[in-house]
Amino acid sequence: AGLTAAGPNSPELLWTASDGSCWVATEAGLLRFKDPQAVADESQLVGLEGRTIRMLAEAPDGAIWAGTREGELWRLHQGQWHPQPQPWGPIPISTLVWDTTNLWIGTLGAGLFHRTEQGPDQPQPVKDFLPRQVFTMIRCHKGTLWAGTEAGLWHRNTHGWTAVPI
């Protein structure tokens with residue numbers, strides 16, 4: 001595969017896409033294994049060299065999105081990575097989660113943002129979400145979004161985002 005196990009080639013993120021391919025993020029770039037069973041023969045370096053990929057997510061249309069420690073948001077379209085507009089500056093992206101129409105973007109300092117498939121390209125801040133640091137996020141099988149933050153656990157239902165006492 002061309003990556004050694006130390007230094008800038010150490011795996012920072014492992015992720016599986018819906019097509020079964022396995023993705024490995026390192027500081028040297030992203031490595032994609034089309035067939036994880038044939039690791040040595042089926043890998044390909046797919047870009048974003050010199051960036052620290054913190055999170056990958058797959059959109060409902062199959063597009064791959066990447067968020068970096070440098071605060072960059074990227075979209076893989078027709079084999080090319082394209083930078084996406086973002087209003088939070090160099091603040092690290094901590095999590096990316098898709099629901100049926102929104103990309104939810106958690107940051108480590110600027111809070112939570114969302115971008116709709118049909119809406120403006122620029123992600124919008126989530127007004128009813130107060131925490132500034134989003135450590136982790138998940139979409140459960142029933143569609144509920146959960147976020148772990150510096151202010152505890154939050155979830156999104158039909159009424160918006162609310163804190164969950166734990």
Side-chain angles (χ1 to χ4, degrees), residues 8 10-18 21-32 46-77 81-166:
S10 298
E12 302 249 345
L13 174 72
L14 301 172
W15 182 75
T16 303
S18 64
S21 61
C22 181
W23 296 66
V24 180
T26 73
E27 287 183 25
L30 273 173
L31 192 63
R32 178 176 181 236
V46 293
L48 297 182
E49 295 85 0
R51 292 171 176 82
T52 306
I53 308 300
R54 300 272 312 181
M55 188 56 63
L56 294 168
E58 187 171 5
D61 67 2
I64 305 297
W65 290 74
T68 72
R69 181 180 299 152
E70 297 81 14
E72 300 169 333
L73 182 63
W74 294 84
R75 180 176 183 259
L76 182 61
H77 181 67
W81 286 101
H82 301 276
Q84 301 297 301
Q86 52 86 349
W88 52 83
I91 294 172
I93 293 174
S94 56
T95 188
L96 297 173
V97 174
W98 274 95
D99 64 16
T100 54
T101 59
N102 292 293
L103 174 62
W104 298 89
I105 305 155
T107 69
L108 293 175
L112 183 65
F113 295 79
H114 72 95
R115 181 184 189 279
T116 62
E117 284 185 304
Q118 286 78 30
D121 284 344
Q122 179 95 343
Q124 302 299 309
V126 178
K127 297 186 185 331
D128 61 347
F129 190 88
L130 302 178
R132 304 299 293 162
Q133 296 200 40
V134 181
F135 302 129
T136 188
M137 251 180 99
I138 190 169
R139 179 178 179 241
C140 292
H141 70 282
K142 292 186 178 183
T144 303
L145 293 168
W146 296 85
T149 75
E150 89 279 3
L153 182 65
W154 285 65
H155 78 100
R156 182 175 189 269
N157 58 27
T158 57
H159 303 294
W161 285 95
T162 57
V164 177
I166 52 175

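As a basis for the values below, the full set of heavy atoms in this structure was taken, side chains included, without hydrogen atoms, waters or symmetry mates. Each residue takes its place number in the sequence, starting with 1.
Smallest separation of non-hydrogen atoms from Phe135 and Glu150: CE1-N, 3.3 Å. The two residues Phe129 and Val134 come nearest to each other via the heavy atoms CE2-CG2, 3.7 Å. His159 and Asp128 make their closest contact through O-OD2, 4.3 Å (heavy atoms, listed as atom of the first residue, atom of the second, distance). Between Trp88 and Gly71 the shortest heavy-atom distance is NE1-O, 2.9 Å. Looking at every heavy atom in both residues, Gln122 comes nearest to Pro87 through NE2-CB, 3.2 Å. Among all heavy-atom pairs drawn from Thr68 and Arg51, the shortest one is CG2-CB, 4.2 Å.
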Worked verdict on Glu72 versus Leu48 for side chain to side chain contact (heavy atoms under 4.5 Å, CB included): CA-CA 11 Å; Glu72 300 169 333; Leu48 297 182; over 6 Å; no
Check against side chain to side chain contact (heavy atoms under 4.5 Å, CB included), Thr100 and Arg139: CA-CA 10 Å; Thr100 54; Arg139 179 178 179 241; 3.8 Å; yes
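Contact of the Trp81 side chain with the Ile64 side chain is registered, since non-hydrogen atoms from C-beta on lie closer than 4.5 Å.
Between the side chain of Asp61 and the main chain of Ala63, a donor-acceptor pair closer than 3.5 Å is present. In terms of modelled atom types and a separation under 3.5 Å, the side chain of Glu70 and the main chain of Pro90 share no donor-acceptor contact. Side chain of Trp98 to main chain of Ala57: no donor-acceptor pair is present (N/O by atom type, distance under 3.5 Å, no hydrogens or angles). In this structure, the side chain of Gln133 does not engage the main chain of Pro131 through any donor-acceptor pair within 3.5 Å. In this structure a side-chain-to-backbone donor-acceptor pair under 3.5 Å is missing from Thr136 to Gly148. Looking at Arg132, its side chain does come within 3.5 Å of a backbone N or O of Ala110 through a donor-acceptor pair.
In this structure, CZ on Arg115 lies 7.5 Å from CZ on Arg75, to the nearest 0.5 angstrom. If you take CG on Leu14 and CG on Leu56, they are separated by 10.0 Å, rounding to the nearest 0.5 Å. Atom NE2 in His155 sits 9.0 Å away from atom CH2 in Trp161 (nearest 0.5 Å). With rounding to the nearest 0.5 angstrom, the CD atom of Gln86 is 8.5 Å from the CD1 atom of Ile105. Between the OG1 atom of Thr144 and the CD1 atom of Ile138 there is a distance of 11.0 Å, given to the nearest 0.5 Å. The line from CD1 of Ile53 to CG of Leu96 is 10.0 Å long, rounded to the nearest 0.5 Å.
Phe113 pairs in a side chain to side chain contact (heavy atoms under 4.5 Å, CB included) with only one of the listed residues (Leu73, Thr107, Val126), which is Thr107.
A search for side-chain contact (heavy atoms from CB on, under 4.5 Å) contacts involving Pro165 returns nothing, not counting sequence neighbours.
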